Amino acid sequence: MNKTTEFADIILPLPLAQLFTYSIPEELKADVAIGKRVVVPFGSKKFYTGIVKHIHNIPPKDYSTKDILTCLDEYPIINSFQFNFWDWIAQYYQSTLGDVFKAALPAGLKLESQTKISANEEFRTKEVLSKTEEQILNVLKHSKDVNIATLNQATGLKNTLPQVKSLLEKGAVSIEEQIINPYKEKKKEFVRLASDYSESEIGDFITSLKRAKKQQETLLSYLNLSKHYFEEIALKVSVFELLKSTDISRTILKSLVEKNILEIYQEKLDRIDLSETETSGLKALNEYQETAISKIRSDFKEKNCVLLHGVTSSGKTEIYIHLIQEQLEVGKQVLYLLPEIALTTQIINRLRSVFGNKVGVYHSKFNDAERVEIYNNIHQNNTANAYQVILGVRSSVFLPFQNLGLIIVDEEHENTYKQYDPAPRYHARDASIYLAHLHQAKTLLGTATPAIETYYNAKTGKYGLVELLQRHQNLEMPEIIIADIKEAKRKKQMKSMFSPELMQMMETCLENKEQIILFQNRRGYSPYLECKSCGWVPHCPNCAVSLTYHRYNNQLVCHYCAHSVHPPSTCEHCGSNEMEDKGFGTEKIEEELIGFFPNARIARMDLDTTRKKMAYEKLIYKFENHELDILVGTQMVSKGLDFDNVSLVGILNADSMLNYPDYRAYERSYQMMAQVSGRAGRKKKRGKVLIQTYTPEHPIIKNVIENDYISMYSNQLAERKEYIYPPYYRLINITLKHKNQNLVNKAAVVLTKSLRKIFGIRILGPQAPVINRIQNFHIVTILLKIEKKSSPSKAKWILNQQANYLKEMEAFKSIQINFDVDPM
DNA sequence: AGCACGCCGACT
DNA sequence: GTCGGCGTGCTC
């Protein structure tokens, strides 16, 4: 290997802006390469998995380098598209490469802190070991799952790393085994004939086995199970199935294998069994879909991104499928993005029915082993069973594509595409457009209710715009009815949170054996408890929010930090024992419904009832099969589900969405109501939507009734322009955090002042957000609004510079500052 | 991030 | 006199 390649710059999974330079030891020079994972020591007792970003021969001036310990990969697992994409994400969303690395790889491909060390059993002492080394080996031989910390404890030494390292060099221990193979592929064993025997040959085998009755029986049983004589291609027979059918032991099967009659082979087991699915080909498009698809094709000739604005049930999915097919024909990969909650078996099965095992699914409820499997599969790309179509959520933009032709972002308006909590705070839709650009691929955004920004981009010609406003099979849009709950309350007609109109309509539906969906954008039982006499409300001790009451486990829970306590029976403030629950969460609605309709089959769908892996699918399945009459849920119920028998959708409180203090509240309320309404009325008859509200005259409610996206859009656009918001301006939210409230406030004032000197009126704040304390950290925000046409990177550079100035001040150095670019 | 180092209060 | 609280600084 080249003598000059001595150093490697490594990305470590840390929120630090720089790369770390390590030296490449002689014996690893042939292995270490850009894009491979390596294990490096960091600090005095930690190991990290890092990614090699550069290799060079420039020795660092200010420090001496440590050696790379091992190289984990035979081939690079990060390709150059990904490196470019990572750089863009880190730059645009103001995060470190380490954070991007953490977000991009499934945990099974990373290794943090707790590196396991194990003794090599084959190791025989050739060299002299020091006393401590012997001691360490001894510990390792007698216990499992040992990491540096436990070693230190067991040996009583402060730091065993140098000894471990030297043992590693001598080959006495290994640390990489568990890293390379942290998971096992799910495999299943099958049996087949060892070669393509003719019928007479098989007959010979059977006669030759007449002294080995059990073996003969087994062979016959195999022929029977595989329908060898009846089917063109023998059916698959699993070892398990065969052994069970004859009640024989494995050894008998083994002797047949040894005689070269049968053989055992393994096949990777997919999460969803494909053996039964027959690929059914494409469905023909109707005339509207045809027009839309040819417009999409022609727009793609000039533009890299096209918005498909298609009303609910207009058959967007079929259009996607046709476009995917075209890409597969030219050998390109396709990424199909969906928001987390919309990724249902319905869609998966539809895609699988057309593209079979070319479809891979990437989802947060998959365990890590499954994610690693998918990652590796995409990575091998050209092999026969590599996925060509990936159906996935936000994080699938980080998969190792090398040949993307098209990215579809379905339900592009969904705010779950924006990552908030750990950095990088990226938006998968926007990132997709950049990713597509890297691959010289196209992006198709699809939705019934485009985000204002997206529609603006389409209207101004930045994106192509294709409208599909005809529901398929000429289904009618649902009839929307408003219930004025202010009026009903005044007249004392409300039954708990149900208006007389809603009650009456629900009764009719249940009589007609039709299904109902009720929507309430609030989980839990009731939003808060309140003391009847003094008005005291229990709050979270760590966050500035009231605690939500969950009845099923009788707990008060903080939805921000998950703090939970038993509800107090008496008021902590005045000692009164009358604590009253206020407001309605999905849980309480469910309970009250059971009271009103004891014969109806009712279920609830929210975060709490869908935590388990298949819980969501089970609920959907039950509802589809009409094992349920009423489904109560949060926004989960509005996502891309197609049910045939839903004749009524009830929105219990439209105002809670409308009154949310955010510039996007109206837009989001419209989207939510329009999407939920889209669930009503399928196939047979026109559905009904009932919206309960205190403000029936609200313009957004009017837009929803008239199904008038365009006027909602133009009203909102005018407001955005007037109040300086996207799409005319770009927003960057600056958050300051500290345990000391006084200190953050002061810091925010100082930072605001210095920023205002540069940006003038474009700086808003400082402002305490609605929830100004989370996990005992006080939070203050500053908002920067910059003109769309000005350079965002320059603004970001200034922000960084000013934030660093602030941190250089003695008093403020422990303030945490972070940026959220294009916040939601 | 996470870990060591270091400097102050309540305990044998 | 020490144990351990968290505030600060460094990691190639």
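On a predicted model such as this, the values are computed, not experimentally measured, just so you know. Residue numbers begin at 1 in each chain, while the letters A, B, ... track the order of the sequences. The analysis underlying the following values was restricted to heavy atoms, covering all of them including side chains, and did not include hydrogens, waters or symmetry mates.
To the nearest angstrom, C1' of C:dC6 lies 12 Å from NE2 of A:H738. Taking atom CZ of A:F777 as the reference point, atom P of C:dC6 lies 12 Å away to the nearest angstrom. Atoms CD1 (A:I815) and P (C:dG7) sit 13 Å apart, rounded to a whole Å. What separates NZ of A:K102 from P of B:dG2 is a distance of 7 Å, to the nearest Å. Between the CZ atom of A:F47 and the P atom of B:dG2 there is a distance of 17 Å, given to the nearest Å.
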Using atom names, set out every protein N or O paired with an N or O of nucleotides 9-12 of chain C below 3.5 Å, distance rounded to 0.1 Å.
{"unit_1": "C:dG9", "atom_1": "OP1", "unit_2": "A:K813", "atom_2": "NZ", "d": "3.2"}
{"unit_1": "C:dT11", "atom_1": "O3'", "unit_2": "A:G43", "atom_2": "N", "d": "3.3"}
{"unit_1": "C:dC12", "atom_1": "OP1", "unit_2": "A:G43", "atom_2": "N", "d": "3.4"}
{"unit_1": "C:dC12", "atom_1": "OP2", "unit_2": "A:K66", "atom_2": "NZ", "d": "2.4"}
{"unit_1": "C:dC12", "atom_1": "O3'", "unit_2": "A:T21", "atom_2": "O", "d": "2.9"}
{"unit_1": "C:dC12", "atom_1": "O3'", "unit_2": "A:K66", "atom_2": "N", "d": "2.9"}
{"unit_1": "C:dC12", "atom_1": "O2", "unit_2": "A:T21", "atom_2": "N", "d": "2.8"}
{"unit_1": "C:dC12", "atom_1": "O2", "unit_2": "A:Y63", "atom_2": "OH", "d": "2.6"}
{"unit_1": "C:dC12", "atom_1": "N3", "unit_2": "A:Y63", "atom_2": "OH", "d": "3.3"}

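Sorted by first and then second residue, the side chain to side chain donor-acceptor pair (under 3.5 Å) pairs involving residues 421-437 of chain A (not counting sequence neighbours) are A:E412-A:R429.
Side chains of A:F819 and A:Y93 form no contact here, defined as non-hydrogen atoms less than 4.5 Å apart.
Take A:R762 and apply the salt bridge (Lys or Arg N to Asp or Glu O under 4.0 Å) test, not counting sequence neighbours, and it matches A:E787.
Judged purely by atom type and a 3.5 angstrom limit, A:N377 has no side-chain atom pairing as donor or acceptor with the backbone of A:E373.
Remark: A:Y63 OH is packed, more than 12 non-hydrogen atoms of other residues, nucleotides or ligands lying under 6.0 Å away.
For the pair A:K796 and A:Y92, the cation-pi criterion (under 6.0 Å, within 45° of the ring axis) is fulfilled.
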